[in-house]
Amino acid sequence: MSGFYRLSGGRILDPSRGRDEVGDLFVAGGRIVDPASLPVETRWESIDASGRIVAPGLIDIHVHLREPGEPQKETFASGTRAAAAGGFTAVVAMPNTRPPADQPNTIGWIRERAREQGVVRVYPTGCLSEGRTGEKLAPLGSLRAAGVVALTDDGSCIQDAGLMRRVMEYAAMLDLPVLEHCEESSVSAGGVMHEGYWSAVLGLRGWPSLAEELIVSRDLLLAERTGARLHCQHLSSAGSVRLIREAKRRGVAVSAEVTPHHLALTDGDLARYDTHCKMNPPLGSEADREALLEGIIDGAIDLIASDHAPHCSFEKEVEFDRAPFGIVGLETTLAVAAETLVKPKLLDWPGLIARLSTIPARLLGLPGGTLSTGAAADLVVIDPDLRWTVNPQAFQSRGRNTPFSGWEVQGRAMLTMVEGKIVWRL
Amino acid sequence: MGSEGPKGNPEHRAEGKWTRRHLLGLRELDREEILLLLDAADAMTSRWEGGRESPSLRGLTVVNLFIEPSTRTRVSFELAAKRLGAHVLEIDQESSSIRKGESLKDTARNLEAMGADFLVLRHSAAGAAHFLADRVRSSVINAGDGAHEHPTQGLLDLLTIRRRLGKIEGVRVAIVGDILHSRVARSDIWGLRKLGAEVTLVGPRTLLPEVFGRFGVRLSSELDPVLPWAQVIILLRIQHERQREGMFPSLGEYVSLYGLGNARLGRCPPEVLLMHPGPVERGIEMESEVADGPSSVILDQVASGVAVRMAVFSELARLHRRDREGV
């Protein structure tokens, strides 16, 4: 039985209802409750939230939990602990596991293991193509029946436009969103960083923004034609933001996400060949970064997701060309986003919470993202003033691969609650 | 050019003295550091030709870690180190445990544990020398890392030009060929620009992206208009694999657009210097008689290479001994 909590004196932010006020929030039986509905003698455990933000739990729709197949990198236990420490109460797990999540029994296994070991909610996604090879449709209907919340080949992208059309038609029929990793691989081939000034200086193979923009363009046309719900993952280029902004104006059912690292860093951060800055898609130019900031502010980009991608330390401790793409992000997303958006007053806290919770929930039709009475008590208490230094050795994640090590940041999850149960307390 | 800010070695030099532990690239050196090395190379040559020994590496161990094949550069480093009295070990990819899957870091740390004072690294991955420099106590000399830099080649090119023309400031240099994949071009560009030369890069658009214009150089996709202008022409090696990658349609077409034969040489100033980092593919970058003709200074470059590498070893050794022995 979950406890009875009174979160007192906090700034209650609930973008789902436009609520922003200082007050108390009550939790009982795993739900957010109106205390008037309970007996007056109810004994509440008081949690002092004064000076802090009480918000719906954050929801990360782009997370690699690495199970099944690579528990040395992350497990349901470690990954969901990292999520909780970052203020997340739910994560959407990508299907590029080993084996890939392209069969209903794999989805069943993921759901069961996540339920047993996870401390936050885990929603599985299923592959678009069998084995993520981009050659043949995965059993999309069976995957939906097994409980996936979206479809994606994340980590790679179906190159065959004909197959992608069929995928979209099927996904539209099943009313499942398609999360697209936008990468035209003949253009990105061999690229390890953004193609531009710094790739020319460093002598690293460039990855043109065009590789992303070609697929964004293609998929916008396909989505418009098929009626599928398209969600473009981890945008990195100014051109992509422009394409999506225009498509939204036309009424195309498209949404998009950006990662905190693409908002905070640029290709110039690779000047010392730091493999912790090697990600897919690569960090763009300063002009790209500014366009992404503009996109997240004006709504062309809907939400922020971490693309949490843990790797073993030794894998990143190699020559740049040979290192895998990806960084961890669950435990730094909130602070890096706050540093990049709230501190320079580009967004206020309600705006940030909306993009980290309410909007992701709404887009994928997930529970959460609200503090409405009667809703599950999935919430986070944030200290917006707490300054701290990112120390990967203290991460709950098994992954230590972050470019933000040593960064002085502000804002941190002090307490995370899932269905009324405290799963993280600093 | 400088606004993007070279972050470079963390060490900074005191006025007039060499204070870097590694030589990773010319981009991070300032004008005075480059001149210091060129002057040291001239001094080395004088001593050597005067029959005087310079045992500045006596008691020190140099490991030539050549993970990517090379003959000219490896031999040049070996000769330079031996002339300075070092113990020299040669390790190539075939004989290293990297072939068995050992990481570069582990290989380097093992060599260091066995007493390597210098690691001269040739590697196919850009940034490999930076990678090692951040992880070992030995001095790392970049002997060419992927398409990034080849600083001693850049220095020997500068030395060759200075010896022939008496200066670098204001000299008009054309670099021709596959700029995109050339570590030599990058080191040459940084070195030449820092010393005040005017540089024009010449090549097909696929091998010379516009972004190179931000390096403080001019770009041209045509060679012929550049020929009367250039005092120095540096021709780069064209790798056949670039044709397979679709970077240009055929070698024949490349030669017709960018190959240097007698007809094109006739449009150059008579005192033009022709340079090439080698090995020359005769009949492609330049015709054989041009490569062997009076304008070619390719063998001067080779000779300058040993002097430059002796200079680099000597300057690094001074610092290395100071750090090791506290003197």
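Letters go in sequence order (proteins before strands), and every chain restarts at 1.
For the pair A:Lys278 and A:Phe320, the cation-pi test (distance below 6.0 Å, angle within 45°) is passed.
Within the 4.5 angstrom heavy-atom criterion, atoms from both the backbone and the side chain of A:Glu317 approach chain B. Heavy atoms of B:Arg186 lying under 4.5 Å from chain A belong exclusively to its side chain. Only the backbone of A:Ser199 has a heavy atom closer than 4.5 Å to any heavy atom of chain B. With a 4.5 angstrom heavy-atom cutoff, A:Val201 touches chain B via backbone and side-chain atoms both.
With ring centers used as reference points, A:Tyr273 lies under 6.0 Å from B:His148.
Of the residues considered (A:Gly206, A:Ala189, A:Gly196, A:Gly203), A:Gly203 shows the highest number of contacts with chain B, using heavy-atom pairs under 4.5 Å. The most heavy-atom pairs under 4.5 Å with chain A, out of B:His123, B:His181, B:Glu210, come from B:His123.
Ion pair B:Glu241/B:Arg244 not flagged as a salt bridge, since none of the NZ, NE, NH1 or NH2 atoms sits closer than 4.0 Å to an Asp/Glu carboxylate oxygen. Ion pairing between a basic and an acidic side chain is recognised when a charged N comes within 4.0 Å of a carboxylate O; A:Glu286 and A:Arg289 show such pairing. Salt-bridge formation is detected for the pair B:Arg218/B:Glu198: a Lys NZ or Arg NE/NH1/NH2 atom is positioned less than 4.0 Å from an Asp or Glu carboxylate oxygen.
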